[in-house]
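Naming: A, B, ... by sequence-line order, numbering from 1 per chain. Quick note: numbers below take in every heavy atom, side chains included, and nothing from hydrogens, waters or symmetry partners.
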Amino acid sequence: MARNGTGDALRVSGLFKTYGTTRIVEDMSFSVGRGEVFGLIGPNGAGKTTTIRMTLRIIQPDAGDVLMFGKPFDEDAWSRVGYLPEERGLYRSARVFDVLVYLGQLKGLSAADAKRRAGETLELIGMTGHAHKKVSELSRGMGQLIQFGSTVVHNPELVILDEPFSGLDPVNTEKLKELVLGLQKQGMAVIFSTHQMNNVEELCDRVLMINHGRAVLYGPVKEVKERYRKNSLILSWNGPRERVRGVSRWEPRGEFWEAYLKDGVAPESVLVDMVQLGGAIRHFEPSMPTLHEVFLRVARDGARAP
Amino acid sequence: MNKIAVITRFELKSVFARRMFWITTGLLPAVGVIVILVGRLVASLANTEPSLVGYVDQWGKLPAEAPAGLHLQAYIDPDQARRDLLDKDIEAYYVIPSDYVQTGNILRFKRASSGIFSEGDGVPALLNSLLVQALVADQVSSDIAARIQVPAVIETVRLDDQGAVAPEDRDELSRFLVPYLFSILLLVSIGMTSGFLVQSITEEKQTRTIEVLFSSVSPTTLMAGKILGLGLAGIVQIVIWLVAAWLLATLAGSVLPLPGDLSISPETLLLGGLFFLLGYFFYAALIVGVGAISTSPQEGGQMGGFATFAAALPLILISVIINEPNGTLARVFTFIPFTTPVTVMLRTSATSVSWGDVAGGAVVLVAAAVGATILSARVFRAFLLLYGRRPRLGEIWRALRSAG
């Protein structure tokens, strides 16, 4: 299977979807590169799931184009994509191994390959011992991991995970993150759709932020945060704060202080002042907004993605 | 095609893995065994062996010796009859008095301890026949006496639609039995399969498996795999029942004709098989759509019940269709896809139906099956991702009109 090839794993252009008189998705465009971890973020009801469903042709867009691996979407593309829906579940009375084999075969694997891959996948997610249990006998967390296994059992080139961490405890959340990063190392492209933006910051290279069905932010995570960076510093220093020049105000941030700089003042000049004034500098970093803060600002300003 | 086969196998395997499937499949033969055992028990209690009954003829017109092999015993001496009754050699005896012709009275003697199933609560048919014969013997000719005994021997002449004498049909039983069998099989298949289909679809909806499937196969492929897999499961169940019924009938010593005794024309088999399959696919496609808009297996099952009722309508109106197989109702039913399969089977069993009607019915059914598949696929696609509520009529209408 070709991995890390040239071109995009997914390219979406001008997608529209309306139900009745409600426009769910409006003029949505983005691309996901091969081997990239991409975040599709936004609040609940923003249009993330509808966008994903349209890219996979689960529902038909009213307008727009989807290119999967450089080609218009066809049934062959399904065998190259793994999808973990937000609303998910498995046949409760079936055995774990049988479910993985079945879903693998539906993705185009032969019966023998599906059985081999089901075994490998169970090993990957650390659930080989549960292969012959019924799905109904698994705990919720185990069920979630099996769901993830069923998404990658056919070794796809693009994996789409819609709210993958919902319902997971912290231990399984970390395990799932490790698995995702492992997939990326193998060259899989991963799309994360979530409203939990802290996870996206940790894992994603680039993000598309959606609000009310429209793309409001699009680009590399660092760039997006840089774009909305405030002119302030996060400090831990026991020197005389009132004597530092160029700071308009200080605000406590837990064990730190946030120093808001006056227009035109560079962080370096503040650092020089602090060194000259003496005292122990334990922490000094330019303040970067979280994606959550960026989203709140964007939503408030009603911006659109460039 | 390969994915359809994968889904078919999975659905079949899932049904066979259900304990409930085997319980319901085994229930019917079990009921049959119980009925046979109870029947045998009742028969042994009832002692159905014809009992010997005596008569004492004081009228003097009955034969002095009862005809052989008729379970009748003539007595001259009433005391001897009484002794035989008390010794239980006979079940009862009748005394025909000398003034029988004037009064019509006959005395019956039976033991007080006789069982409720004992003979002799009415005049036995054989004694009755002897009395009638004796009454008219001197009054009418032997021919008329015979006619009084057996007033009519009916011989049937069958006329075709043109009034000509139709050739004698020696295989009337098989001629009717096969279409009936196909009709019943179709109804049972629809009933069984609608249950399986609705359960399978609503389960995938409830467990949220459906969206995973839709990211691997098209709704049409999923539908086709389900219809084939669950249809096969239904057919397996029916075959088990038929074999069990055959074995039970044999065990019960029934005189039911076995398939080997039936002469089934290739034409009947072909028509039965064709309309069975077309009817099955039409209804299965409809039921898939019903399953897609149902919120629970119970609700889906109720809606599927209406489909079974529609298919059974011609059987409910069987007397009209059999009496007028080329009448207006029968012909109209032939061209309504819901009633086409059973109607065509019943009509062709009752008379010769024009090939135009048969072909027309088949075309209507094929078109309806294709249409139902397309429309159900649209409903399937639109509403299988709608969780927890039933779509409104307007939404269903929009889905049906969508381009798919």
Given side chains that start at C-beta, do those of A:Leu103 and B:Ser216 come closer than 4.5 Å, heavy atoms only? no
I want to know whether B:Phe214 and A:Tyr83 have ring centres closer than 6.0 Å. no
B:Ser215, part contacting chain A, at a heavy-atom distance under 4.5 Å: both
Rounded to the nearest 0.5 angstrom, the OG-NZ distance for A:Ser79 and B:Lys3 is 6.5 Å
Hey, could you give me the CZ/CD distance between B:Arg378 and A:Gln60, rounded to the nearest 0.5 Å? 11.0 Å
Within 6.0 Å of NZ in A:Lys134, more than 12 heavy atoms from elsewhere: no
Should we count CZ of B:Phe309 as having more than 12 external heavy atoms under 6.0 Å? no
To the nearest 0.5 angstrom, please state how far the CD1 atom of B:Ile7 sits from the CD atom of A:Gln105. 10.5 Å
For the residue pair B:Phe10 and A:Tyr91, does the interplanar ring angle fall in the parallel (under 30°), tilted (30 to 60°) or perpendicular (over 60°) class? tilted
In terms of heavy-atom pairs under 4.5 Å, which option from A:Leu56, A:Thr151, A:Leu106 contacts chain B the most? A:Leu106
Side chains of A:Glu86 and B:Glu211, heavy atoms from C-beta outward: is any pair under 4.5 Å? no
Any non-hydrogen side-chain atom of A:Asp98 less than 4.5 Å from a side-chain atom of B:Lys13? yes
Does any backbone or side-chain atom of B:Arg9 lie under 4.5 Å from a heavy atom of chain A? Answer side chain, backbone, both or neither. side chain
Considering only heavy atoms and a distance below 4.5 Å, find which of A:Ala94, A:Gly82, A:Ala77, A:Gly89 pairs most often with chain B. A:Gly89
